[in-house]
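Reviewing the structure listed below.
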Amino acid sequence: MSMLKIGVAGLGTVGMGLLKLAFGQGPLASVVQVVGVSARTLGRVRDVDITHLTWFDDPVELAKSPNIDVFVELIGGADGSAKDAVEAALMAGKHVVTANKALLAAHGAHLATLAAKHGSEIRYEAAVAGGIPVIKALREGLAANYITSVSGVLNGTCNFILTEMDESGRSFAEVLAEAQRLGYAEADPSLDVSGADAGHKLSILSAIAFGGPPDFSSLRLEGIEAIEPIDLESAKFLGRRVKLLAKAARVGSFIVQSVRPTLLGQDHPIARVNGALNAVVIDADPVGRLSLVGAGAGAGPTASAVAGDLIDLSHQDTRPVFSGPGQANSRFLPNQQGSAISKFYVRLRVADRAGTIAKITDTLAKHLVSIESFLQKPPEDAARVPIVLTTQPMAEGDLFKAMAELSRLEIMVEPPILMPLED
Ligand SMILES: NC(=O)c1ccc[n+]([C@@H]2O[C@H](COP(=O)([O-])OP(=O)(O)OC[C@H]3O[C@@H](n4cnc5c(N)ncnc54)[C@H](OP(=O)(O)O)[C@@H]3O)[C@@H](O)[C@H]2O)c1
């Protein structure tokens with residue numbers, strides 16, 4: 001085992017967590033020597049003393065420094081300094097360890113090519129599900145398996161919001177504001193609540209499970225902004241839970257990837273993963289179903305994953321960037337709306353007047369929508385009655401046609417909300 005000289009760019013939540021491990025008493029301290037650091041503001045007060053370390057204003061200069069073996073990128077962002085510095089490190093023949101899922105989802109193919117050309121490695125355990133070692137589970141423990149699907153709750157902010165809405169009956173906006181106060185959500189929460197962050201992580205998992213590189217553009221994304229307490233309450237009534245499910249699965253010779261709110265059956269391993277926790281479920285042959293649950297973010301869990309990658313590199317354990325059980329480059333199917341086949345949950349708000357239910361059921365029958373359950377809730381006010389229903393398994397495209405016709409009826413107060421069901 002050799003002592004690695006590392007440069008760390010980004011001294012925020014994860015960077016500070018890593019330096020605590022590097023300067024602590026644990027296994028990382030005996031395999032790495034931090035020789036240089038970079039962040040945006042030299043004068044910022046930090047939790048760990050960095051005054052004995054060489055400071056670099058420009059992370060690109062640190063990445064190219066002849067004094068380091070490994071460049072650790074903990075700045076974040078798909079472009080800008082993080083990308084420039086990672087490229088510079090790879091071109092200089094340095095290994096890279098990063099927690100940056102946005103960078104890998106957007107530029108994974110290009111960076112993998114650079115790494116191969118210059119004999120460098122990229123390690124990224126911390127980029128997916130924080131402290132859960134899912135990349136290692138897929139690449140090493142499951143190397144002999146044929147993966148059929150990888151799914152999970154990959155965004156702690158969304159899971160926290162949905163759990164709080166479920167438990168307290170408060171609206172999305174109220175719970176988001178609380179999550180921001182508690183530090184569970186960013187001031188600009190759009191990357192999280194739109195599903196994009198979970199999508200970045202899913203595209204990395206897909207690359208390893210099915211054969212890389214990441215293909216974020218073919219992924220279908222839906223966020224949690226339209227979810228209301230009535231949906232969570234109705235799901236519970238149906239014996240289900242609403243989760244922002246990220247899922248990549250084989251469909252014929254293609255891989256279909258989506259991130260969307262989904263009603264999970266109560267026996268699904270993710271249904272009761274609550275709060276800011278993350279979870280990943282892998283279905284594979286011959287291992288069967290595996291579930292991993294743990295902290296998806298935070299200084300300690302994320303630094304644990306970065307440190308694990310550094311310790312692996314110190315053992316000189318090298319392999320191609322997106323290698324895993326996937327055999328060859330997979331064909332990711334552009335995941336258009338309408339392509340799924342599933343049971344569905346539908347929430348309608350309609351005018352409280354005679355004949356309304358008949359109009360709904362006639363329209364659904366005309367489009368051969370077979371109803372599994374139908375629930376009319378008490379009126380919310382003089383003009384609005386919520387109705388929730390679930391369908392038998394059907395093509396989403398056919399349901400869209402029924403919903404389009406329903407939406408044209410004057411009884412409809414707002415557009416319908418749809419979510420797939422999954423057991
Ligand atoms: N936080 C988590 O729990 C978590 C979990 C999993 C993955 N990640 C990923 O880990 C990475 C870091 O996240 P974080 O939460 O630690 O971020 P953070 O707390 O916002 O810290 C970012 C760091 O980058 C530095 N920085 C910003 N622009 C820079 C530039 N142009 N040059 C050099 N340094 C620059 C900042 O400097 P100053 O300190 O001087 O402002 C700061 O130290 C991101 O890719 C994130 O997605 C985070």
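These numbers were taken from a predicted model, which means no experiment stands behind them. All heavy atoms count here, side chains included; hydrogens, waters and symmetry mates do not.
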Grab the two heavy atoms, one from [X] and one from [Y], that are nearest each other, plus how far apart they are.
X: Met91; Y: Leu114; value: CG-CD2, 3.8 Å
X: Phe322; Y: Gly108; value: CE1-O, 3.4 Å
X: Met394; Y: Leu399; value: CE-N, 3.5 Å
X: Ser342; Y: Leu421; value: OG-O, 3.2 Å
X: Pro214; Y: Leu104; value: CG-O, 3.7 Å
X: Ile270; Y: Ala279; value: CG1-CB, 4.1 Å

Output the distance between atom [atom1] ([X]) and atom [atom2] ([Y]), rounded to the nearest 0.5 Å.
X: His268; Y: Leu263; atom1: NE2; atom2: CG; answer: 12.0 Å
X: Leu4; Y: His315; atom1: CG; atom2: NE2; answer: 10.0 Å
X: Leu205; Y: Ile135; atom1: CG; atom2: CD1; answer: 5.5 Å
X: Leu162; Y: Asp231; atom1: CG; atom2: CG; answer: 10.0 Å
X: Leu277; Y: Phe160; atom1: CG; atom2: CZ; answer: 12.0 Å
X: Leu19; Y: Asp47; atom1: CG; atom2: CG; answer: 10.0 Å

Donor-acceptor contact present, side-chain [X] to main-chain [Y], <3.5 Å:
X: Lys94; Y: Phe71; value: no
X: Gln257; Y: Ala248; value: no
X: Ser38; Y: Ala9; value: no
X: Ser206; Y: Leu202; value: yes
X: Asp215; Y: Ser203; value: no
X: Arg46; Y: Leu11; value: yes
X: Thr391; Y: Phe344; value: yes
X: Thr157; Y: Asn155; value: no
X: Thr302; Y: Gly130; value: no
X: Tyr124; Y: Val321; value: yes

Inter- and intrachain pairs under side-chain hydrogen bond (donor to acceptor under 3.5 Å, both in side chains), touching residues 110-119, at least two apart: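 Passing the test, one end in residues 110-119: Glu87-His110.
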Sequence neighbours excluded, every pair satisfying side-chain hydrogen bond (donor to acceptor under 3.5 Å, both in side chains) that has a member inside residues 175-189: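 Residue pairs passing side-chain hydrogen bond (donor to acceptor under 3.5 Å, both in side chains), neighbours aside: Arg170-Glu178, Asp188-Ser190.
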Looking at [X] and [Y], does any basic side-chain N land under 4.0 Å from a carboxylate oxygen?
X: Arg123; Y: Glu121; value: yes
X: Asp69; Y: Lys5; value: no
X: Glu228; Y: Lys377; value: no

Side chains of [X] and [Y]: does their closest heavy-atom pair fall under 4.5 Å?
X: Arg240; Y: Gln266; answer: no
X: Glu225; Y: Ser194; answer: yes
X: Asp166; Y: Val242; answer: no
X: Arg347; Y: Ser234; answer: no
X: Lys101; Y: Asp197; answer: yes
X: Ile224; Y: Met165; answer: no
X: Met419; Y: Ile227; answer: yes
X: Asn159; Y: Leu244; answer: no

Test side-chain hydrogen bond (donor to acceptor under 3.5 Å, both in side chains) applied to Tyr146 and Arg250, step by step: CA-CA 10 Å; Tyr146 179 78; Arg250 292 186 191 273; 3.3 Å; yes
Verdict with reasoning, Thr148 to Asp285, per side chain to side chain contact (heavy atoms under 4.5 Å, CB included): CA-CA 8 Å; Thr148 49; Asp285 183 48; 5.8 Å; no
Full working for side chain to side chain contact (heavy atoms under 4.5 Å, CB included) between Phe172 and Ile161: CA-CA 7 Å; Phe172 170 78; Ile161 292 173; 3.8 Å; yes
Evaluation steps, side chain to side chain contact (heavy atoms under 4.5 Å, CB included), between Phe23 and Val34: CA-CA 9 Å; Phe23 299 143; Val34 184; 4.0 Å; yes
Validation row, ring centre Phe254 to ring centre Phe210 under 6.0 Å: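 When the ring centroids of Phe254 and Phe210 are compared, they turn out to be at least 6.0 Å apart.
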Flag if over 12 foreign heavy atoms under 6.0 Å of CD, Gln392: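 It does: Gln392 CD has more than 12 such atoms within range.
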Derivation of the side chain to side chain contact (heavy atoms under 4.5 Å, CB included) call for Leu18 and Leu28: CA-CA 9 Å; Leu18 181 69; Leu28 186 66; 3.8 Å; yes
CA sep, side-chain torsions, deciding dist, call: Lys83, Glu73, salt bridge (Lys or Arg N to Asp or Glu O under 4.0 Å): CA-CA 9 Å; Lys83 176 166 176 268; Glu73 185 277 305; over 6 Å; no
